[in-house]
J.: 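Dropping a structure here in structure tokens format, bear with me for questions.
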2 protein chains.
Amino acid sequence: MTLADAIHASGKRLTLQRQLVLDAVQRARHHVTAEDIARRVRAKYPRIGPSTVYRNLEALEELGYVTHTHLDDRVTRWHRADSHPHGHLVCRSCGGETEVRPPALEAMARRLRELYRFEPDLAHSAIVGICRRCRDVPSQ
Amino acid sequence: MTLADAIHASGKRLTLQRQLVLDAVQRARHHVTAEDIARRVRAKYPRIGPSTVYRNLEALEELGYVTHTHLDDRVTRWHRADSHPHGHLVCRSCGGETEVRPPALEAMARRLRELYRFEPDLAHSAIVGICRRCRDVPSQ
DNA sequence: GAGCCTATCGCGAAGCGTCGCAATAAGGTG
DNA sequence: CACCTTATTGCGACGCTTCGCGATAGGCTC
Ligand SMILES: [Mn+2]
Ligand SMILES: [Mn+2]
Ligand SMILES: [Zn+2]
Ligand SMILES: [Zn+2]
């Protein structure tokens, strides 16, 4: 199913702004912010407003084309939904990020399914804590 | 060690605003917002500004008296640091919250320690996903 | 208590994100 | 193509949170 078909089937409309936002997310390497996306879109369509970017990210997320992740308490990060899944560990001491491989995520997800019949999205928010380096150097 | 001692030892100062913020958090039942706290403080000290509340919550968190949690993407929730630890599952469909018991948290934490030597704080951010009720009713 | 140093305060501004509103335009009908 | 319905847009305002600044006041010394 093409983008146009999926959008029409959902009752949404295919606007230039929407296409440009999707393009920007798909071209991006990793985890871009809404402002990153807005900047890319403005290169081709300078009049776009911030709320249009946010609303289109939300619409494209509903359609399953993009997703967002929270790496820190501040800015939401966006990426294409078909990129390989992984979680994030963020150190509250040094700020360093580590990717969590899907098997570890799956093992944790299984436990939550068993105990709570809850289907978790463990990639949605980073897990904060203390990384190996900061843990090995407790002083300082 | 009393509050005054802990504060002085850290080079911080014991202001009326700081005491009132701590009081408000300690009196609160569960997971209060900064605005909840500000409202309580204003009852005794109306001139307090929002940034003073935020800065004192941060200072009291450094001292180990309070902590914060993210239940949704919006508002940060605060509570006393000595309350019983637990995680949160939040359903992205119905918004319902479930508490995760410490044993389940500990089992997941152990895995992250083994695989990544990362000491996680699994209570810091809620885990989003689909709850048992919304999962059992896939239509609608 | 007077005087000093500086942590903290209140305030205004700014950043991220959401919402309401009037204007625009996408998409369907004839 | 003319016309209609309404999803979407740009804009301004607002909520939550952080930051910089000059004023205030906590804590120490004499
Ligand atoms: Mn946080
Ligand atoms: Mn989110
Ligand atoms: Zn670290
Ligand atoms: Zn639910």
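We name chains A, B, ... by the order of the sequence lines, and we start the count at 1 in each one. Only a predicted model underlies this, so the values are computations on that prediction, with no experimental measurement involved.
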J.: Might you list the N or O atoms of the protein lying below 3.5 Å from N or O atoms in nucleotides 4-6 of chain C, with each pair's distance?
T.:
| unit_1 | atom_1 | unit_2 | atom_2 | d |
| --- | --- | --- | --- | --- |
| dT6(C) | O2 | Arg13(B) | NH1 | 3.0 |
| dT6(C) | O2 | Arg13(B) | NH2 | 3.4 |

J.: Sequence neighbours excluded, which residues qualify as side chain to side chain donor-acceptor pair (under 3.5 Å) partners of Glu62(B)?
T.: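 With neighbours one apart ignored, the set is Lys12(B).
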J.: Which pair of non-hydrogen atoms, one from Cys91(B) and one from Ile130(B), has the smallest distance, and what is that distance?
T.: SG-CA, 4.1 Å
J.: Any salt bridge linking Asp72(B) with Arg74(B)? Criterion: basic side-chain nitrogen under 4.0 Å from a carboxylate oxygen.
T.: no
J.: Applying side chain to side chain donor-acceptor pair (under 3.5 Å), name anything that partners Arg18(B), two or more places apart in sequence or on another chain.
T.: Asn56(B)
J.: Mind listing the residues from residues 3-11 of chain B sitting with a heavy atom below 4.0 Å of DNA chain D? Number order is fine.
T.: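 Of all residues in residues 3-11 of chain B, the ones placing a heavy atom under 4.0 Å from DNA chain D are His8(B).
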J.: Is there a residue in residues 50-58 of chain A whose heavy atoms reach under 4.0 Å of DNA chain C, and which residues are they?
T.: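 Within residues 50-58 of chain A, the residues near DNA chain C are Ser51(A), Tyr54(A), Arg55(A).
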J.: Connecting only ILVMFWY residues whose side-chain heavy atoms lie within less than 4.5 Å of each other, what is the rest of Leu71(A)'s hydrophobic cluster?
T.: none
J.: Please say whether more than 12 non-hydrogen atoms of neighbouring residues, nucleotides or ligands are located less than 6.0 Å from CZ in Arg27(B).
T.: no
J.: Please determine whether a side-chain nitrogen or oxygen atom of Thr76(A) lies at a distance below 4.0 Å from atom OP1 or OP2 of dG17(C).
T.: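 So the side-chain polar atoms of Thr76(A) do come within 4.0 Å of the phosphate oxygens OP1 or OP2 of dG17(C), strictly under.
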J.: NE2 of His30(B): more than 12 outside heavy atoms within 6.0 angstrom?
T.: no
J.: Could you check how far CG of Leu71(B) sits from P of dC16(D), rounded to whole Å?
T.: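 One finds 15 Å between P of dC16(D) and CG of Leu71(B), rounded.
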J.: So, using side chain to side chain donor-acceptor pair (under 3.5 Å) as the criterion, who are the partners of Arg55(A) when residues are at least two apart?
T.: Ser51(A)
J.: Mind calculating the distance between CG (Leu16(A)) and C1' (dA7(D)) to the nearest angstrom?
T.: 16 Å
J.: What residues, two or more places apart in sequence or in another chain, satisfy side chain to side chain contact (heavy atoms under 4.5 Å, CB included) together with Asp73(B)?
T.: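 Partners of Asp73(B) by the side chain to side chain contact (heavy atoms under 4.5 Å, CB included) criterion, ordered by chain and then number, come out as His68(A), His70(A), His124(A).
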J.: How many Å lie between CD1 on Ile48(B) and C1' on dA25(D), as a whole number?
T.: 15 Å
J.: Rounded to whole Å, how long is the line connecting atom CG of Leu14(A) with atom C1' of dT24(C)?
T.: 16 Å
J.: Could you name each residue pair satisfying side-chain hydrogen bond (donor to acceptor under 3.5 Å, both in side chains) that touches residues 34-45 of chain B, not counting sequence neighbours?
T.: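 Output for this query lists Gln17(B)-Tyr45(B), Thr33(B)-Asp36(B), Glu35(B)-Arg39(B), Glu35(B)-Arg42(B), Asp36(B)-Arg39(B).
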J.: How many whole angstroms separate atom CZ of Arg74(A) from atom P of dC16(C)?
T.: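 So the two atoms are 9 Å apart, to the nearest Å.
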J.: Could you state the atom-to-atom distance from CG of Asp72(A) to P of dT17(D) in whole Å?
T.: 14 Å
J.: Distance check needed: dC28(D) C1' versus Lys12(B) NZ, whole Å only.
T.: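 After rounding, the reported distance stands at 19 Å.
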J.: Can you name the residues that form a side chain to side chain donor-acceptor pair (under 3.5 Å) with Thr69(B), not counting sequence neighbours?
T.: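 Thr69(B): side chain to side chain donor-acceptor pair (under 3.5 Å) contacts with His79(B).
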J.: Using a 3.5 Å cut-off and no angle test, enumerate the donor-acceptor pairs between side-chain atoms of residues 96-109 of chain A and protein atoms at least two apart in sequence or in another chain.
T.:
| unit_1 | atom_1 | unit_2 | atom_2 | d |
| --- | --- | --- | --- | --- |
| Glu106(A) | OE2 | Arg113(A) | NH2 | 2.4 |

J.: Does some side-chain heavy atom of Val25(A) sit less than 4.5 Å from a side-chain heavy atom of Leu57(A)?
T.: yes
J.: If only atom types and distance count, is the side chain of Arg77(B) paired as donor or acceptor with the main-chain N or O of His31(B) below 3.5 Å?
T.: yes
J.: Kindly state which residues belonging to residues 18-47 of chain B come within less than 4.0 angstrom of DNA chain C, counting heavy atoms of the residue only, listed by number.
T.: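 Only Arg18(B), Tyr45(B), Arg47(B) qualify.
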J.: Please compare Arg77(B) and Gln17(A) by the position of their nearest nucleotide in DNA chain D and report the one closer to 5'.
T.: Gln17(A)
